[in-house]
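A short worksheet on the structure shown next.
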2 protein chains.
Amino acid sequence: MIVINETYAKILETAYRLFAEHGIDKTSLSMIAKEVGISKPAIYYHFLSKDMLIDVLFEEIKKEIDFPKSFSIQDYTKDNFEAKLLADGYRMIEEQRQDDYFPRVLNEYMIRGSRNELKYEQRLHVVIEGFANGFEELLTHGAKLGVIPGERITAKAHMLTMVIDNIGNCMLIGLKFNYKEIWEEAAKACFGAKGKQVKKPLS
Amino acid sequence: MIVINETYAKILETAYRLFAEHGIDKTSLSMIAKEVGISKPAIYYHFLSKDMLIDVLFEEIKKEIDFPKSFSIQDYTKDNFEAKLLADGYRMIEEQRQDDYFPRVLNEYMIRGSRNELKYEQRLHVVIEGFANGFEELLTHGAKLGVIPGERITAKAHMLTMVIDNIGNCMLIGLKFNYKEIWEEAAKACFGAKGKQVKKPLS
DNA sequence: GTCTATAAGTTGATAGAC
DNA sequence: GTCTATCAACTTATAGAC
């Protein structure tokens, strides 16, 4: 978050934290102002309304979500494909385990999108479809390499999206599942019956 | 929902609908009273507080969630196992497509559980674990019948739980995925390499 | 059981001084 | 840019009549 104005950035950061802790609806501008150390009307100098603040924060958050950040397709080769798909998933799970502010806030926008608020709905599509398309691209790459069956790539990609996304949700409510193993099952399903090929022909 | 008192039931039903439409936080007791056709203080005769109303409704909702309702293990045989697992999933997806009030409200409680409100957190565990355990039981049954590999049953069951649950979430925000195909990929993953056995020796 | 009236507090937002 | 003072509108909740 590179912002010119100091206070502007502080307000956004504080809103982010408080939204995660209490939810958007139950976070008032007074609470934010108090934490930042300014008066409530001062917020209105930087943001037109609470709604605008919520909006701007969502735009900032969206920038942080990026499929290529977690799964860099160009690094996947015929030999490392399965291992790398597993490892990248593990890493994503581990990242969520450490910072639960992010998925919490994203969840807040998710629930807003699930209502009739169209503006969030459409923007959330971009987020999830980003992952769905990313996985589809990755699996297509795998099919070209010959490590993944070429059929039903889209369905498989979406299945992976469902799993990795819901792992985050379940961690949020404190469910103690073995998420690495769950990801392994989902990932393995993409390789089909022919998945058990040469394992370590590397170097 | 079989309740003795008329107004009591009306309040609960109206709360259910309004919670789904506007979220719990943005649904006031005035809104509920207005829709029911009574005055706001009348609600306090039936419920100690808004919190108690939220609590009671959650208990009612929990009764509606029941794994055996969607997947009745005793009906799964060696011959129909894969087909039935698919069909039951399809039916669940179809049910969600028709009534989106239910998942919406459940989502409201989910997000409450993801905060620090311990009472919801623990009760939500019961809900999801109900499905996780149900799938585990079902797959164990499948392993006994010889249609499912006996290893990693728990991980597979949890993977199915992640998928079926998140399909609901994605439908909620209006994502137009092919959910039947997604479920097929998840289900097929449980059968492993040996899954391609006799298909129609039935009748 | 349901009402009117009202308390006590919070909210998002604005006016206007500095 | 930030403040104090203030607003109208809402909230949950209670007192007490019928």
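When reading the values below, keep in mind they use all heavy atoms of this one structure, side chains included, and skip hydrogens, waters and symmetry mates.
Rounded to the nearest 0.5 Å, atoms CZ (Phe47(B)) and CG (Leu57(B)) are 8.5 Å apart.
Regarding contacts with the backbone of dT11(D), a side-chain N or O of Ser28(B) is found under 4.0 angstrom from either OP1 or OP2. Between Thr7(B) and dT2(C) there is a side-chain N or O to OP1 or OP2 distance below 4.0 Å. Put simply, Tyr44(A) has a side-chain N or O that comes within less than 4.0 Å of OP1 or OP2 on dA13(C). For Ser30(A), a side-chain nitrogen or oxygen approaches OP1 or OP2 of dT11(C) to under 4.0 Å.
Nearest heavy atom pair, residue Ala15(B) against residue Ile32(B), reads CB-CD1, 4.0 Å.
In this entry the distance linking OH of Tyr45(A) with C1' of dC18(C) reads 15 Å, nearest Å. If you take NE2 of His22(A) and C1' of dT11(C), they are 16 Å apart, rounded to a whole angstrom. The interatomic distance linking Lys40(B) (NZ) with dT6(C) (C1') rounds to 10 Å, in whole Å. Rounded to an integer number of Å, the gap from CD1 of Ile11(A) to C1' of dT2(D) is 11 Å. Atom CZ in Phe47(A) sits roughly 13 Å away from atom P in dA13(C) (whole-Å rounding). Protein atom CD1 of Ile32(B) is 14 Å distant from nucleotide atom C1' of dA13(D), rounded to whole Å. With rounding to whole Å, Lys50(A) atom NZ is found 12 Å from dT10(C) atom C1'. Between the CG atom of Asp25(A) and the P atom of dT12(D) there is a distance of 12 Å, rounded to whole Å.
Between Met31(A) and Leu48(A), it is Met31(A) whose nearest contact on DNA chain C lies nearer the 5' terminus.
For Gln74(A), the side chain to side chain contact (heavy atoms under 4.5 Å, CB included) test picks out Ser72(A), with sequence neighbours left out.
Residues Phe135(B) and Phe71(B) bring their aromatic ring centres within 6.0 Å.
The Pro41(A) side chain lies nearest to dA5(D) when the options are dT2(C), dA5(D), dA13(C).
Counting only N and O atoms by type, the side chains of Glu184(B) and Tyr90(B) include a donor and acceptor under 3.5 Å apart.
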